[in-house]
Student: 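Dropping a structure here in structure tokens format, bear with me for questions.
Numbering of residues begins at 1 and proceeds along the displayed sequence. Start at 1 and go down the list; that is how both ligands and their atoms are numbered. This structure is a prediction, so every number in the text was calculated from the model and none was measured. For the numbers below, each heavy atom of this structure counts, side chains included, while hydrogens, waters and symmetry mates do not.
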Amino acid sequence: MSQSPAQDDNTALFRKAWTLYDAITEQNYMFHREIYAHVAGLLRRRHAQGGYTLLDLGCGNARFLAPCLKAAPPAAYDGVDLSAGALDEARDYLGGLANVSLHHRDMQQAVESAASTFDIIFTGFAVHHLDPAAKQRLFHACAAKLTPGGQLIMADVVREDDQTRDQYLAAYLDTMRTHWTAVPPGQLEEACAHVAAHDFPETLADLTQMARSAALPDVRVLGRFTQHHLLVFSA
Ligand SMILES: C[S@@+](CC[C@H](N)C(=O)[O-])C[C@H]1O[C@@H](n2cnc3c(N)ncnc32)[C@H](O)[C@@H]1O
């Protein structure tokens, strides 16, 4: 995958204030601990079957995936993100792993132009930034780049089937303002503004339909922690 830096407003928070996201995840407000414990289990099981390759879309600084990878080292890891600052940090968190490649580029372009296939494509809290057409396109691209028996593992926020985006946002922002008490008020409002402007979560029914259209009909919900889900899609 070639380098092609791109700018996108939905990543501004992660370019300017990666430490804010770190503070949020450190407090486990998005259930990273529980979700990545499941991911670690999936990777351990995949590792036990033999060497595997992993593509990480919207890897950020890979702070939570790095320990999972170290416990079940892939033959090769490719991380993709639009935030150069996050990728710099990822280099440190992933230190000690062999065959790590980090790509400063858009995840859709990265999957579509990937020269190889992957046993696992992982994406954590990045897909909800895309509009529905882009999500569908990403499912198709991922399905095309999975090896036979491969899995698309997605951690992300999901909307209830009967919830509009406005209703979802009202509930999520209320949770942030009520429970995310360790985030300083100014930074909390910055995070709320980011969510209100850039979060477009789908319902599980819509994600399932997108996956089916992309020939990934086996959809499993491995974990659900309020709005935060861990989903596995395979053929
Ligand atoms: C909320 S962070 C998630 C980081 C990490 N994967 C996790 O699970 O905590 C979302 C990341 O996706 C990246 N991102 C958003 N849209 C992207 C795109 N179109 N292409 C590549 N990266 C993108 C952002 O820069 C950010 O680092």
Student: State, with a plain yes or no, whether a side-chain heavy atom of R212 is found less than 4.5 Å away from one of F139.
Tutor: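 A side-chain contact under 4.5 Å is absent here.
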Student: Are any of the heavy atoms in M30 under 4.0 Å away from ligand 1?
Tutor: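 No, M30 has no heavy atom closer than 4.0 Å to ligand 1.
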Student: Looking only at N/O atoms, are D81 and ligand 1 under 3.5 Å apart anywhere?
Tutor: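 Yes, D81 has an N/O under 3.5 Å of an N/O on ligand 1.
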Student: So, is G58 polar-close to ligand 1, with some N/O to N/O distance under 3.5 Å?
Tutor: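 Yes, at least one N or O pair falls under 3.5 Å.
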Student: Is D106 close to ligand 1, meaning an N/O of one under 3.5 Å from an N/O of the other?
Tutor: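 Yes, at least one N or O pair falls under 3.5 Å.
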Student: Could you tell me which atoms of ligand 1, counted from 1 in the order shown, lie closer than 4.0 angstrom to a heavy atom of A126?
Tutor: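 Per the distance check, 12 (O).
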Student: Against heavy atoms of R105, which atoms of ligand 1 measure under 4.0 Å?
Tutor: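 Close to R105: 20 (N), 21 (C).
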Student: Any donor and acceptor pair, going by atom type alone, linking the side chain of R220 with main-chain N or O of V232 inside 3.5 Å?
Tutor: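 A pair under 3.5 Å: no.
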Student: Okay, side chain of N61, backbone of E89: is any donor-acceptor separation there less than 3.5 Å?
Tutor: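 Not at all, since once roles are kept as given, no pair shorter than 3.5 Å links the two residues.
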Student: Relative to ligand 1, is Y36 under 4.0 angstrom through side chain, backbone, both or neither, heavy atoms considered?
Tutor: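 The side chain, only.
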Student: Between Y168 (side chain) and T203 (backbone), is there a donor-acceptor pair under 3.5 Å?
Tutor: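 Not a single qualifying donor-acceptor pair exists.
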Student: Is the shortest N/O to N/O distance between M107 and ligand 1 below 3.5 Å?
Tutor: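 By distance alone, the answer is yes.
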Student: If we check ring-ring contact (aromatic ring centres under 6.0 Å, His included) with H228, which of these qualifies: Y29, Y172, Y36?
Tutor: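 Running ring-ring contact (aromatic ring centres under 6.0 Å, His included) over Y29, Y172, Y36 with H228 returns exactly one hit, Y172.
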Student: If you count the atoms of ligand 1 from 1 in the order shown, which ones are under 4.0 Å from a heavy atom of G60?
Tutor: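 Those atoms are 27 (O).
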Student: What atoms in ligand 1 come closer than 4.0 Å to a heavy atom of G124?
Tutor: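 Once the distances to G124 are compared, the set is 3 (C), 4 (C), 5 (C), 6 (N), 7 (C), 8 (O).
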Student: Where does R63 meet ligand 1, judged by heavy-atom distances below 4.0 Å: at the side chain, the backbone, both, or neither?
Tutor: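 Within the 4.0 Å criterion, R63 makes no contact with ligand 1.
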Student: If we ignore hydrogens and angles and just use 3.5 Å, is the side chain of Q151 paired with the main-chain N or O of S234 as donor and acceptor?
Tutor: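 A pair under 3.5 Å: no.
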Student: Heavy-atom distance to atom 9 (O) of ligand 1: which of F64, Y21, F125 wins?
Tutor: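 Closest candidate by heavy-atom distance is Y21.
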Student: Measure the distances from the heavy atoms of Q108 to every atom of ligand 1 and state whether one is below 4.0 angstrom.
Tutor: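 It does not, in that no heavy atom of Q108 comes within the 4.0 Å cut-off of ligand 1.
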Student: So I121 and T123, do their side chains get closer than 4.5 Å, heavy atoms only?
Tutor: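 No; the side chains remain at least 4.5 Å from each other.
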Student: For the pair R177 and E189, find out whether any cationic side-chain nitrogen is under 4.0 Å from an anionic carboxylate oxygen.
Tutor: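 The answer is yes: the pair qualifies as a salt bridge.
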Student: Specify side chain, backbone, both or neither for C59, according to which of its non-hydrogen atoms lie closer than 4.0 Å to ligand 1.
Tutor: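 For C59, the contact with ligand 1 is made by the backbone alone.
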Student: In sequence, state the C-alpha distance, the side-chain angles, and the governing distance for Y77 and F122, and then conclude on ring pair (Phe, Tyr, Trp, His ring centres under 6.0 Å).
Tutor: CA-CA 11 Å; Y77 167 90; F122 174 77; 9.3 Å; no
